[in-house]
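What's counted below: heavy atoms across the whole structure, side chains too, no hydrogens, waters or symmetry copies. As the structure is a computational prediction, the values presented were derived from the model and not from experiment.
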Amino acid sequence: MSFTETTKTSWFSRLKNGLIGLILGPLLVFGMIWLLSWNEGRSVQTYRALAEGAGIVVSVDNGRIDPANEGKLVHISGSVKPDGAPEDPALGVSAQGAAGLNRKVEMYQWVEDSKSETKKTLGGGEETVTTYSYKKEWRPRRVDSADFKQADQHQNPDMPIEGERFTVATATLGAFTVDGKAVADLAKDSPVKLSPDVAGQVTSALGSDRPVKVDGTTIHVSQNRQSPAIGDLRISFSREDIAEASFVGAQKGATIGGYKASNGRKLFLSAAGNVGPAEMFEAAQSENTLITWLIRFGGLLGMFIGFVIMLSILSIIADVIPLVGSIVGFGTSIVAGILTLVLGPVVIAIAWIAYRPVLAIIIIALGILLAAALIYLRRKRAVAAPTASTAAFGRS
């Protein structure tokens with residue numbers, strides 16, 4: 001089921017949005033400048049803390065606590081034993097021997113999809129045709145139907161219970177105690193086979209008038225699970241088990257916790273299985289590099305969007321004649337790209353100058369070369385266009 005809606009936006013309304021863009025665009029650009037600067041500082045500080053830790057970490061026997069290592073950065077490895085069992089207090093499901101227990105809840109509900117197509121009209125306005133369609137799906141979180149275009153015809157009830165994770169408070173690794181959640185984060189998931197007795201607990205907890213049936217690893221709250229209705233639930237559990245693990249952290253009595261490096265960064269590394277300290281620090285450095293590049297990409301993309309928003313008023317003004325507006329819009333996108341390729345690397349380089357001046361110079365040079373290449377290609381196209389027009393005129 002679907003319906004179509006057509007909306008028209010006048011040129012003056014678009015112009016007002018363009019003026020707002022003159023305010024929002026610079027704010028977004030300045031925000032991305034801060035993000036890129038912060039990211040480089042975070043990356044360098046994390047790198048230095050990890051390098052420091054790799055140089056002072058000591059591997060210790062997990063079967064004995066040596067008071068001489070108190071406060072030092074140590075590495076332990078071996079078999080893990082959770083203290084107690086994770087339990088869902090609402091539904092009465094537990095997992096003996098596991099470090100964690102996950103409750104997954106899905107509700108059958110309405111989902112709205114929309115597709116829009118916008119065309120420019122003579123005089124600078126826009127006409128947008130949007131098609132809304134509705135379908136029923138199992139979703140782990142409630143979709144807010146109040147925001148639907150046809151909210152009165154497609155209503156989703158509240159979820160009486162949602163997904164949740166439960167972990168043991170602590171676990172032991174030989175003579176040492178480690179955080180239970182840190183252990184569960186390393187574990188592998190496997191489904192929990194449910195007893196039929198769980199049905200009574202679920203019925204009492206939910207207070208629903210729908211029948212509750214247990215089928216192996218799934219609890220069905222439905223009149224007819226073969227033909228589900230809006231508001232029906234599917235509940236399942238998975239347990240998190242781990243046999244061996246490795247940790248790097250500060251020895252504090254019998255516990256392993258976060259170690260504070262000289263620059264204030266906290267070090268606490270974990271890995272599944274028996275992993276040496278060198279491999280753990282190498283993996284942490286690789287993760288730091290990946291995070292750095294992901295934030296760089298996000299910052300540059302946000303900066304580009306900020307410049308596009310800032311310059312959008314030019315294409316809106318030119319949209320009085322749609323073809324001219326499209327050409328101007330393409331041009332402003334090129335300008336936004338050039339500004340991003342120049343400003344972004346400069347911001348990154350400046351943040352690194354205090355730490356690695358050689359790398360900073362290389363980054364600035366690359367940014368200038370990329371911007372110069374774009375400018376050169378743009379000028380080359382501009383020169384080629386009149387030449388082609390002259391040749392065509394000569395032939396005629």
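- Formation of a donor-acceptor pair under 3.5 Å by the Gln251 side chain with backbone atoms of Asp66 is found in this model.
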Between Leu19 and Leu22, does a side chain to side chain contact (heavy atoms under 4.5 Å, CB included) hold up when you go through it step by step? CA-CA 5 Å; Leu19 291 173; Leu22 288 176; 4.0 Å; yes

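- The structure places OH of Tyr47 at 14.0 Å from CZ of Arg42, a figure rounded to the nearest 0.5 Å.
- Between Ile56 and Tyr259, some side-chain heavy-atom pair lies under the 4.5 Å cut-off.
- Note that CG of Leu27 and CZ of Phe30 are 8.5 Å apart. Values are rounded to the nearest 0.5 Å.
- Without hydrogens or angle criteria, Glu52 side chain to Ser262 main chain gives a donor-acceptor distance under 3.5 Å.
- If you chain together hydrophobic residues whose side chains sit under 4.5 Å apart, Ile313 and Leu24 never meet in one group.
- Contact between Gln223 and Arg210 at its shortest, heavy atoms only, is NE2-CA, 4.2 Å.
- A donor atom on one side chain and an acceptor atom on the other are not found under 3.5 Å apart for Ser133 and Asp113.
- Leu36 CG to Ile350 CD1: the interatomic distance, rounded to the nearest 0.5 Å, is 11.5 Å.
- No continuous path of hydrophobic side-chain contacts links Leu173 to Met280 [ILVMFWY only; heavy atoms under 4.5 Å].
- Arg103 contributes a side-chain N or O that, together with a main-chain N or O of Glu162, makes up a donor-acceptor pair within less than 3.5 Å.
- Contact annotation: the side chain of Val308 never approaches that of Thr332 to less than 4.5 Å [non-hydrogen atoms, C-beta and beyond].
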Side chain to side chain contact (heavy atoms under 4.5 Å, CB included), that's the test. Do Val168 and Asp83 meet it? Break it down for me. CA-CA 6 Å; Val168 294; Asp83 296 328; 5.6 Å; no

Evaluate the side chain to side chain contact (heavy atoms under 4.5 Å, CB included) criterion for residues Phe330 and Ile327: first the C-alpha distance (whole Å), next the side-chain angles of each, then the deciding distance (0.1 Å), finally the verdict. CA-CA 5 Å; Phe330 177 76; Ile327 295 172; 5.9 Å; no

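- The aromatic rings of His154 and Trp110 sit perpendicular, their planes meeting at an angle over 60°, well past the 30° parallel limit.
- Looking at Lys104 and Pro140, their side chains never come closer than 4.5 Å, going by heavy atoms from C-beta outward.
- At a threshold of 4.5 Å between non-hydrogen side-chain atoms, the residues Val335 and Phe307 do not count as touching.
- Looking only at side-chain heavy atoms (C-beta outward), Val60 and Phe176 come within less than 4.5 Å of each other.
- Arg142 places a side-chain N or O within donor-acceptor distance of the main-chain N or O of Asn156, the cut-off being under 3.5 Å.
- Summarising the geometry, atom CG belonging to Leu267 is positioned 12.0 Å from atom NZ belonging to Lys260; distances are rounded to the nearest 0.5 Å.
- Judged by distance alone, the side chain of Thr218 and the main-chain N or O of Ser236 form no donor-acceptor pair under 3.5 Å.
- Scored by the ring-ring contact (aromatic ring centres under 6.0 Å, His included) test, Phe148 finds Tyr134 as partners (sequence neighbours excluded).
- For the atom pair CE (Met32) and OG1 (Thr340), the distance works out to 11.5 Å, reported to the nearest 0.5 Å.
- One finds the CG atom of Asp215 at 4.5 Å from the NE2 atom of His220 (value rounded to the nearest 0.5 Å).
- Summarising the geometry of Ala98 relative to Pro86, their closest heavy-atom pair is O-CD, 3.1 Å, with the distance given to 0.1 Å.
- Contact between Ala85 and Ala95 at its shortest, heavy atoms only, is CB-O, 3.7 Å.
- Side-chain atoms of Ser195 come within 3.5 Å of backbone atoms of Asp197 as a donor-acceptor pair (strictly under, hydrogens ignored).
- Counting heavy atoms from C-beta on, the side chains of Glu244 and Ser77 never come closer than 4.5 Å.
- The hydrophobic clustering, which links ILVMFWY residues whose side-chain heavy atoms are closer than 4.5 Å, places Val183 and Val74 together.
- The shortest heavy-atom contact between Ala182 and Phe247 is CB-CE2, 4.3 Å.
- No side-chain heavy atom of Val29 sits less than 4.5 Å from a side-chain heavy atom of Leu339.
- Partners of Tyr108 by ring-ring contact (aromatic ring centres under 6.0 Å, His included), not counting sequence neighbours, listed by chain and number: Trp138.
- Pairs of residues two or more places apart, or lying in two chains, never qualify as salt bridge (charged side-chain N to carboxylate O under 4.0 Å, His left out) while including a residue from residues 261-283.
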Could you walk me through whether Leu206 and Leu233 pass the side chain to side chain contact (heavy atoms under 4.5 Å, CB included) test, one step at a time? CA-CA 11 Å; Leu206 300 184; Leu233 300 176; 3.9 Å; yes

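- Summarising the local packing, CD of Glu287 is surrounded by 12 or fewer heavy atoms from other residues, nucleotides or ligands at distances under 6.0 Å.
- When the side chains of ILVMFWY residues are joined at heavy-atom separations under 4.5 Å, either directly or via intervening members, Phe297 and Leu343 end up in a single hydrophobic cluster.
- Of the charged side-chain nitrogens involved, none lies within less than 4.0 Å of a carboxylate oxygen, so that Asp179 and Lys181 do not count as a salt-bridged pair.
- In terms of modelled atom types and a separation under 3.5 Å, the side chain of Lys252 and the main chain of Gly258 share a donor-acceptor contact.
- The two residues Ile65 and Gly253 make their nearest non-hydrogen contact at CG2-O, 3.6 Å.
- Counting only distance, with no hydrogens or angles, the side chain of Ser204 and the backbone of Gly200 share no donor-acceptor pair below 3.5 Å.
- For the 3.5 Å distance criterion, the side chains of Ser222 and Arg234 fail to qualify, holding no donor opposite an acceptor.
- Between Pro277 and Val57, the shortest heavy-atom contact is CB-CG1, 4.0 Å.
- Gln201 contributes a side-chain N or O that, together with a main-chain N or O of Ala90, makes up a donor-acceptor pair within less than 3.5 Å.
- With hydrophobic clusters built from ILVMFWY side chains whose heavy atoms lie under 4.5 angstrom apart, Val105 does not share a cluster with Val111.
- Looking only at distances, no side-chain donor or acceptor of Asn102 sits under 3.5 Å from a matching main-chain atom of Arg165.
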